[in-house]
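Structure first, then comments.
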Amino acid sequence: MNQDIQIELSGIEKHYGAYHALKNINLTIPKGQFVALVGPSGCGKSTLLRSLAGLERITGGTMKIAGDVMNDVPPRMRDIAMVFQSYALYPHMTVEQNLTYSLRMRKVPKPEAKRKAEEVAAIAGLSGLLDRYPRQLSGGQRQRVAMGRAIIRNPKAFLFDEPLSNLDAALRVSMRKEIRALHDRLHATSVYVTHDQIEAMTMADHVVVMRDGIIEQQGKPLDLYDRPANKFVGGFIGSPAMNFVPAVVGEDGRSLVLDFGTVKQTIASGHQLQPGLKVTAGLRPEHLGITGQGQGTFDVPVAFVESTGSSTFVATATTPELTIVQTGRSGAHAGETIGVTVDPAHLHLFDETSGVRL
Ligand code: ADP
């Protein structure tokens, strides 16, 4: 990958009146990278994207695109393209007119605009559809027109604002593959906002997890999954969500006493820690195993079992509850006692108070 820096955000701040929406955002995006901004609703991801586009004015920090400071540059001079949800197409214009709108605004000669429309239609999978109106297209085709409209401008970066959120689940899965495949062909620097961590994990080279206006962690998708920097990221990345159990480090410093209210369970932690230290243990559902009673790390009663065919979700009758995911079918039944196996190599430990990874 070309490591030239395309977007550089240093110390970005955004206040809406008294509300502090972005706090000291630092993010460097190499040319050609696909970055996902992900986090719960209200964390500031759209504000950050809109600030990049120039639709919001930042109140502090420096924003550079291709080496140039953009803080005071108006949106249309930034040479970046925003891809919205597909309904942002002009309904009274054909696909070709939608695609070439920005070219016509810039007075590009008609034959050249037509040639570019055909070229982009081929790239975006719209050949043969140039004379149709948006209402005559499927949801996926409309989304391709929305992307084609961005591609035709050959921008310095593509900004995607939850582009798939109004599509049905099956179409979302196929469109996310298409967008990623398009990215692999064009190598355009892309910033993609989503609240869906699966979308972020599967599409992006680099994932930025935000909460309450700050970046909690950024990195390669699987690095975030393997080594979440704190309890929030541990709980946010991964589905179903990581189980959290309050625990205390045992007297030997190597064991961990899990606190299920009246029941305590001692497990090996795989860490040497200060005896008596209070921690939160993070156990991913897919990293817990099920065996017969008395054969696992500890025994638990089963509350309920749900099967989707491809996998089975077992919930324990403990406080806190544990979710265990098994591939395929499970022999576990509600009401029985099972043995749970815990592999210390897959145990995540967080400071009880700060939530920071230990
Ligand atoms: P996200 O995209 O992560 O859901 P947003 O960036 O839209 O979050 O919003 C971040 C926070 O800033 C929210 O609490 C939101 O209410 C607030 N906010 C967004 N736009 C405005 C605005 N124009 N005026 C005041 N507050 C705003």
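Both counts, for ligands and for their atoms, begin at 1 and track the order of listing.
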Determine all donor-acceptor pairs shorter than 3.5 Å in which one atom belongs to a side chain in residues 106-117; sequence neighbours excluded.
unit_1: K114; atom_1: NZ; unit_2: E96; atom_2: OE1; d: 3.4
unit_1: R115; atom_1: NH1; unit_2: E119; atom_2: OE1; d: 3.3

Short question: side chain of R357, backbone of P228 - any donor-acceptor pair under 3.5 Å? yes
Do we see a donor-acceptor contact under 3.5 Å between the side chains of E216 and N230? yes
Are E13 and H20 close enough that a side-chain donor and a side-chain acceptor fall under 3.5 Å? yes
Salt bridge check: are R176 and E199 linked by an N-O gap of less than 4.0 Å? no
Pocket residues of ligand 1, ordered first by chain and then by residue number (heavy-atom cut-off under 4.0 Å): Y16, Y19, A21, P40, S41, G42, C43, G44, K45, S46, T47
How about R180 and D184: do any of their side-chain heavy atoms sit closer than 4.5 Å? yes
